[in-house]
Undergrad: 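Below are the structure tokens for one structure; questions will follow.
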Amino acid sequence: MNENAQSSGDQPKVLILTPVKNAERYLARYVELIEALDWPASRLSLGMLDSDSKDGTEARLYELEARMRKCADRVTLKKRDFGFHMPDAIPRWAPAFQVARRTVLARARNHLLFAALDNEDWVLWIDVDIVDYPPDAIQRLLAAERDILQPHCVLEHGGPTFDQNGWIDHGKRTLHDMRGSSDPVRMDSVGGSMLFVRADLHRDGLVFPPYKYGVESNAIRDPHPLWGKGEIETEGLAMMARDMGHQCWGLPDFEILHHSS
């Protein structure tokens, strides 16, 4: 953070939240990117929750804590295990494990949100394996003036969308199909690689459903016209937001980079 940013005190308060699991190798770069943000430390808070890690994630978090506290006014580090482990040699995106994996991820996000949210104006969700985004990321997200907003997560600049949880038209189109728009575009669903949410929406009850929101209710008889048979985690959040009267948005030309493995 530059000195000019640190000396300013009139910006909104932003809480960066990141659930982590077996993330030891990503944490140094994660903290470097936080340190590079052009945002006042006095207006920034950080929260991280480690769950079910088998590597040195928890120890590494506490090793980096001092650096994180120089970047932010408040840092919350939590540990909460859910007892879920992917089988060895099975990638996390394997279809057979998606519902179980994302159910636990939704629970982790909610536990972290409830533990860390205080008086902030915005919540910025950032996955730990995002390896590059610009120092002015918060300014660019605020400038869009939307309550729920995601940038475009890719593996390389100009490449196809990596975060497939952000889509429109029943998943037929992603932000890659909407490139060339400097303005926000409407999204039916959002991903969580980086997600900007007005904090009051979370306070109003907007969470990450750890179940298929939209069908697992006796009051719902027909599939939702946008989502079909219900969605969980970030996609479920988008569905819940719509039911609460809020639109989700994306920025096709604002790219952030995800780790390639």
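For the numbers below, each heavy atom of this structure counts, side chains included, while hydrogens, waters and symmetry mates do not.
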Undergrad: Looking at Leu105, is its backbone amide N or carbonyl O close enough to the side chain of Arg107 to form a donor-acceptor pair, meaning the two atoms are under 3.5 Å apart?
TA: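 Side chain of Arg107 to backbone of Leu105, a donor-acceptor pair under 3.5 Å: no, none is there.
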Undergrad: With no hydrogens and no angle check, is any side-chain donor or acceptor of Asp253 less than 3.5 Å from a backbone partner on Ser181?
TA: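 Yes.
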Undergrad: Can you tell me how the ring of His202 sits relative to the ring of Phe208, calling it parallel under 30°, perpendicular over 60° and tilted otherwise?
TA: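 Tilted.
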Undergrad: Pair Glu24, Glu58 - check side chain to side chain contact (heavy atoms under 4.5 Å, CB included), show working.
TA: CA-CA 8 Å; Glu24 181 180 10; Glu58 185 178 14; over 6 Å; no
Undergrad: For a 4.5 angstrom cut-off between non-hydrogen side-chain atoms, does Leu46 reach Thr18?
TA: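 They are not in contact (no side-chain heavy atoms under 4.5 Å apart), so the answer is no.
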Undergrad: With a 4.0 Å cut-off on N to O distance, would you call Asp127 and Arg109 a salt bridge?
TA: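 So Asp127 pairs with Arg109 through a salt bridge.
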Undergrad: Would a distance-only check, ignoring hydrogens and angles, find a side-chain to backbone donor-acceptor pair under 3.5 Å from Asn22 to Lys54?
TA: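 Side chain of Asn22 to backbone of Lys54, a donor-acceptor pair under 3.5 Å: yes, one is there.
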Undergrad: Quick one: does Thr76's side chain have a donor or acceptor within less than 3.5 Å of a partner on Gly47's backbone?
TA: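 No, Thr76 side chain to Gly47 backbone: no donor-acceptor pair under 3.5 Å.
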Undergrad: If a pair satisfies salt bridge (charged side-chain N to carboxylate O under 4.0 Å, His left out) and one of its residues is in residues 172-187, list it, with sequence neighbours excluded.
TA: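 For residues 172-187: Asp169-Arg173, Arg179-Glu255.
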Undergrad: For the CD1 atom of Ile126 and the CE atom of Met194, what is their distance to the nearest 0.5 Å?
TA: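 The CD1 atom of Ile126 sits 4.0 Å away from the CE atom of Met194.
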Undergrad: Please answer whether the main-chain N or O of Leu44 pairs with a side-chain N or O of Asp73 as donor and acceptor at a distance below 3.5 Å.
TA: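 No.
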Undergrad: Has Thr161 got a side-chain atom pairing as donor or acceptor with His176's backbone, closer than 3.5 angstrom?
TA: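 At least one qualifying donor-acceptor pair exists.
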Undergrad: So how far is it from Leu155 CG to Phe162 CZ, rounded to the nearest 0.5 Å?
TA: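 The CG atom of Leu155 sits 5.5 Å away from the CZ atom of Phe162.
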Undergrad: Answer with yes or no whether the side chains of His258 and Ser193 bring together a donor and an acceptor at under 3.5 Å.
TA: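 Not at all, the side chains of Ser193 and His258 share no donor-acceptor pair under 3.5 Å.
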Undergrad: To the nearest 0.5 Å, tell me how far Phe254 CZ sits from Arg140 CZ.
TA: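 Reported to 0.5 Å precision, the distance equals 4.5 Å.
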Undergrad: Under the 4.5 Å side-chain heavy-atom rule for ILVMFWY, direct or indirect, which residues accompany Val131?
TA: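 Grouped by the 4.5 Å side-chain rule, Val154, Leu257 form the rest of the cluster around Val131.
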Undergrad: Do side-chain atoms of Ser189 reach the backbone of Trp167 as a donor and acceptor pair under 3.5 angstrom?
TA: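 Checked: no pair found.
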Undergrad: Within the side chain of Arg74, is there an N or O that forms a donor-acceptor pair under 3.5 Å with the backbone of Ala116?
TA: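 Yes; judged by distance alone, with no hydrogens or angles, the pair exists.
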Undergrad: Quick check against the 3.5 Å criterion: does Thr103 have a side-chain atom that pairs as donor or acceptor with the backbone of Val99?
TA: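 The answer is yes, because a donor-acceptor pair under 3.5 Å joins these two groups.
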Undergrad: Could you walk me through whether Ile138 and Leu142 pass the side chain to side chain contact (heavy atoms under 4.5 Å, CB included) check?
TA: CA-CA 6 Å; Ile138 293 176; Leu142 284 168; 3.9 Å; yes
Undergrad: Is the backbone of Asp188 close enough, under 3.5 Å, to the side chain of Glu235 for a donor and an acceptor to pair up by distance?
TA: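 Side chain of Glu235 to backbone of Asp188, a donor-acceptor pair under 3.5 Å: no, none is there.
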Undergrad: Salt-bridged, Glu120 to Lys13, with N to O below 4.0 Å?
TA: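 Not counted as a salt bridge, because no side-chain N and carboxylate O are separated by less than 4.0 Å.
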Undergrad: Is the closest side-chain heavy-atom distance between Trp125 and Val197 below 4.5 Å?
TA: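 Heavy-atom side-chain distance check passes, below 4.5 Å.
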Undergrad: How long is the straight-line distance from CD1 of Ile148 back to SG of Cys248, given to the nearest 0.5 Å?
TA: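 Going from the SG atom of Cys248 to the CD1 atom of Ile148 covers 4.0 Å.
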Undergrad: Please round to the nearest 0.5 Å and tell me the distance separating atom OG1 of Thr174 and atom NE2 of His152.
TA: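 Spacing of OG1 (Thr174) from NE2 (His152) equals 5.5 Å.
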Undergrad: Go through it in stages, so that I can follow the logic: the residues are Gln247 and Arg242, the test is side chain to side chain contact (heavy atoms under 4.5 Å, CB included), and I'd like the CA-CA distance, side-chain angles, deciding distance and then a yes or no.
TA: CA-CA 6 Å; Gln247 175 66 50; Arg242 178 66 66 89; 3.1 Å; yes
Undergrad: Run the side chain to side chain contact (heavy atoms under 4.5 Å, CB included) check on Leu77 and Glu65 step by step: do they pass?
TA: CA-CA 9 Å; Leu77 301 180; Glu65 183 179 7; 3.9 Å; yes
Undergrad: Under 4.0 Å between a side-chain nitrogen and a carboxylate oxygen: does that hold for Arg67 and Glu35?
TA: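 Looking at Glu35 together with Arg67, the answer is yes, because their closest N to O distance falls below 4.0 Å.
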Undergrad: Should the pair Arg80-Asp50 be classified as a salt bridge under the 4.0 Å nitrogen-to-oxygen rule?
TA: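 Looking at Arg80 and Asp50, the cut-off is not met.
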